Amino acid sequence: MKILAITSCPNGIAHTYMAAENLQKAADAMGIDIKIETQGSIGVENEFTQADIDAADGVIIAADKTVNKERFVGKPLVAVGVQQGINAPETLIRRIVDGQASVHEESGQRSNEDAGNAAGGKGQNAFYRHLMNGVSYMIPFIVIGGLLIAISLTLGGTSTPEGIQIPEDSFWKTIENIGAASFSFMVPILAGFIAMSIADRPGLAPGMVGGYIAMNGSFYGSEAGAGFLGGIIAGFLAGYIALWIKKIKVPSVVQPIMPIIVIPVLASLAVGLIFVTIVGAPVAQIFESLTTWLQDMQGTSSILLALILGGMIAFDMGGPVNKVAFLFGSAMIAEGNYEIMGPIAVAIAVPPIGMGIATFLNRRKFAATEVETGKASFTMGLFGITEGAIPFAAQDPFRVIPSNMIGAMVGAVIAMMSGVGDRVAHGGPIVGVLGAVDNVLMFFVAIIVGSFVTAITVNLLKKEAAVEPALAGVPTQPAAEETVKEEAPAVKGQPQPEEENADLHSLTNKNLIQVNVKAESKEQTIDELIDLLAAENVLTSPADVKEAILEREAEGSTGIGMNIAIPHAKSTAVKEPRVAFGVKRDGVDWNSLDGTEAKLIFMIVVPKESEGTQHLKILQMLSRKLMDDQYREQLLQVTSTDEAYQLLKEVK
């Protein structure tokens with residue numbers, strides 16, 4: 001019997017290869033011929049040929065992101081989350097062997113089992129998986145829009161009574177319009193790819209149509225649309241409606257047009273009508289009532305008003321609740337009351353700046369992609385673009401949104417009590433720099449205090465970043481892109497892409513091995529191994545390489561547990577890829593997550609221009625072999641450089 005398998009995870013490193021490794025081991029033990037295609041961060045490896053597919057008796061897909069299944073029409077197919085591939089590979093193989101897998105029926109649609117997995121979320125929380133698929137596609141649109149608008153405001157904006165304006169005939173107006181165009185795609189993209197995650201390609205168009213309607217209140221009589229929260233609702237509505245339509249049995253003559261005509265049209269119509277007739281109208285009434293209520297509150301309690309406005313601004317970050325508060329503050333400017341817009345201008349900046357600071361303060365609470373998003377979020381906050389915090393809120397709303405609201409409320413109260421006024425309809429530090437703020441010192445104090453309150457609160461509420469499942473007794477490690485903790489073994493028994501360096505033996509030599517490390521601290525150990533590399537004349541600047549390694553350590557410890565540390569760096573100061581190896585018999589504290597001290601230290605350095613895949617290949621080679629308990633013990637017992645060198649030859 002021949003089985004094909006695909007493994008893939010959102011980050012494309014650890015889960016992808018761990019699932020592949022365990023499926024391979026299970027198939028070997030059961031005497032099953034298996035070929036595994038990994039769709040990881042390096043790209044597709046071991047890709048199936050048409051001959052492979054024709055000869056296959058069944059297909060296993062263990063993935064947490066969308067995988068094209070059109071190749072497997074007519075084949076028994078099991079589709080589950082990637083963790084199932086890691087934790088229960090024998091069960092998945094047995095389902096193919098015992099004939100318990102549903103046949104994947106037609107192009108553009110999934111088998112009943114696959115559809116059920118999308119709805120039920122086997123192996124992972126289904127809601128989270130679908131949401132993350134939408135968020136991952138939405139983030140680039142937020143970054144493009146936010147940064148282009150920020151640049152245009154900074155370089156081309158002028159302060160006017162109507163707000164920060166860019167002259168219509170200015171070059172910077174064009175840049176602002178491009179940024180605004182990118183923002184306009186944000187909610188439809190979010191909704192579309194949520195729906196696609198649920199229902200495959202037939203869900204994409206209905207989701208995007210629903211997202212567009214959600215962000216345009218004119219469809220249901222509201223000046224403010226439903227924002228990204230409405231987009232999430234539209235995405236799930238579209239996805240599950242499309243999925244339901246797909247399950248309807250139709251004559252074979254109709255089946256070819258189901259995914260390209262029938263499902264998109266019916267699902268789009270259903271989502272649109274639901275939003276216009278059921279969701280939209282009540283939302284419009286709620287926001288009109290909110291505006292009236294805020295107007296009636298003036299003069300009662302300024303602190304209570306500041307708390308309410310700050311919370312509203314941070315609640316949906318550019319959505320309808322935010323817009324009601326913002327429009328209320330703008331209306332007060334027209335009446336000469338600038339002390340309402342002042343607290344609002346502070347609250348606008350707090351969520352994106354606060355989330356950026358949160359990622360700087362405690363990287364372990366965030367995945368690597370979130371840390372990168374934090375940099376963009378912080379920058380957007382400086383220019384009063386609250387939407388910069390949306391990716392964080394979309395991924396973890398029950399912790400992030402309350403944290404944003406608390407910080408924004410604190411900042412707004414400080415601004416209100418200090419008499420901060422804002423004479424333009426905009427927010428963030430940019431309006432202070434342009435001279436549009438009264439009591440500018442307290443304006444900045446309020447933003448700083450509010451942002452740190454948000455950052456500290458969210459770090460207290462959030463758990464550590466996602467943890468990798470255990471494999472063959474290996475302690476779990478946090479998942480974070482481009483960290484040793486994530487970079488897992490290549491798949492045993494499968495061909496790897498050809499590289500100049502096909503094994504560890506070609507990357508090291510006896511002069512790069514120290515079997516008795518003398519250093520007593522982590523930094524001293526790094527220095528000792530860098531000295532070995534420098535002596536081999538592969539570094540143009542040892543100081544620059546050390547700086548790069550320490551910067552990597554600051555992002556998260558490279559102590560992966562099991563008494564192993566793999567510090568690594570990519571630098572222009574490295575001439576050729578090299579690996580230095582040291583044994584510290586009594587161990588050195590490397591802040592490993594399993595609490596063990598580092599005794600086996602591998603230092604990997606590669607040229608900056610090799611950063612695309614080479615360091616991942618080296619890490620995969622190392623990780624695969626270091627998962628062998630007996631091999632680790634042999635390395636710990638070496639007494640000579642020659643003995644260590646011979647053992648390292650086994651890493652391929």
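Values below: every heavy atom of this structure, side chains too, minus hydrogens, waters and symmetry copies. For the single chain, residues carry numbers from 1 onward in sequence order. If you're wondering where the values come from, they're calculated on a predicted model, not measured in any experiment.
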Engineer: A side-chain contact here means heavy atoms from C-beta on lying under 4.5 Å apart; do V59 and V78 qualify?
Structural biologist: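 No - every pair of side-chain heavy atoms lies 4.5 Å or more apart.
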Engineer: Taking the side chain from S182 and the backbone from G179, do they hold a donor-acceptor pair closer than 3.5 Å?
Structural biologist: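 Not a single qualifying donor-acceptor pair exists.
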Engineer: Do L307 and V413 have side chains that get closer than 4.5 Å, going by heavy atoms?
Structural biologist: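 Yes, close enough: below the 4.5 Å cut-off.
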Engineer: Can you find a pair of side-chain heavy atoms, one from V420 and one from E339, that are under 4.5 Å apart?
Structural biologist: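 When only atoms from C-beta onward are counted, E339 and V420 do not touch, as no gap falls below 4.5 Å.
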Engineer: Counting N and O atoms only, with roles assigned by atom type, does the side chain of S8 sit under 3.5 Å from a partner on the main chain of Q39, one being a donor and the other an acceptor?
Structural biologist: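 Yes, because the side chain of S8 sits within donor-acceptor range (under 3.5 Å) of the backbone of Q39.
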Engineer: Does some side-chain heavy atom of N459 sit less than 4.5 Å from a side-chain heavy atom of L361?
Structural biologist: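 Side-chain contact under 4.5 Å: yes.
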Engineer: For R399 and L461, indicate whether the former's side chain and the latter's backbone hold a donor-acceptor pair under 3.5 Å.
Structural biologist: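 Yes, the answer is positive, given that a donor and an acceptor are paired below the 3.5 Å cut-off.
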Engineer: Donor-acceptor check, side chain of K365 to backbone of K462, threshold 3.5 angstrom: yes or no?
Structural biologist: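 Checked: pair present.
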Engineer: Answer yes or no: is there a side-chain heavy-atom contact under 4.5 Å between V103 and K75?
Structural biologist: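 Not in contact.
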Engineer: Side chains of I274 and I241: closer than 4.5 Å at any heavy-atom pair?
Structural biologist: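 Side chain of I274 against side chain of I241, heavy atoms only: contact under 4.5 Å found.
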Engineer: When you measure from the side chain of S377 to the backbone of G374, do you find a donor-acceptor pair of N or O atoms at a distance under 3.5 Å?
Structural biologist: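 Checking the backbone N and O of G374 against the side chain of S377, no donor-acceptor pair under 3.5 Å is found.
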Engineer: Looking at side-chain heavy atoms only, is the closest gap between M405 and I401 below 4.5 Å?
Structural biologist: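 They are in contact (side-chain heavy atoms under 4.5 Å apart), so the answer is yes.
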Engineer: With respect to P429, which candidate in V437, I447, V346 satisfies the side-chain contact (heavy atoms from CB on, under 4.5 Å) definition?
Structural biologist: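 It is I447, the one option of V437, I447, V346 that forms the side-chain contact (heavy atoms from CB on, under 4.5 Å) with P429.
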Engineer: Find the distance between CD (E176) and CD1 (I166) and round it off to the nearest 0.5 Å.
Structural biologist: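 Reported to 0.5 Å precision, the distance equals 4.0 Å.
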Engineer: Between the main-chain N or O of S403 and the side-chain N or O of T454, is there a donor-acceptor pair closer than 3.5 Å?
Structural biologist: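 Yes.
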Engineer: Test your reading of the model: is there a side-chain donor-acceptor pair from S197 to the backbone of F193, 3.5 Å cut-off?
Structural biologist: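 Not a single qualifying donor-acceptor pair exists.
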Engineer: Would the distance check show the side chain of E37 and the main-chain N or O of F48 forming a donor-acceptor pair, the cut-off being under 3.5 Å?
Structural biologist: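 Such a contact is found between E37 side chain and F48 backbone.
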Engineer: Got a second to check how far L204's CG is from I198's CD1, nearest 0.5 Å?
Structural biologist: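 Rounded to the nearest 0.5 Å, the CG-CD1 separation comes to 12.5 Å.
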Engineer: Any side-chain to backbone donor/acceptor pair from S268 onto P264? Under 3.5 Å, distance only.
Structural biologist: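 Checked: pair present.
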Engineer: Please say whether more than 12 non-hydrogen atoms of neighbouring residues, nucleotides or ligands are located less than 6.0 Å from CH2 in W244.
Structural biologist: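 Not buried by this count: 12 neighbours or fewer within 6.0 Å.
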Engineer: Within the 4.5 Å heavy-atom criterion, are T373 and F366 side-chain neighbours or not?
Structural biologist: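 With C-beta onward as the side chain, the pair stays apart.
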Engineer: Quick one: does T386's side chain have a donor or acceptor within less than 3.5 Å of a partner on I348's backbone?
Structural biologist: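 Checking the backbone N and O of I348 against the side chain of T386, a donor-acceptor pair under 3.5 Å is found.
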Engineer: First locate atom CZ of F185, then atom CE of M215, and finally report the distance between them rounded to the nearest 0.5 Å.
Structural biologist: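 Reported value, rounded in 0.5 Å steps: 9.5 Å.
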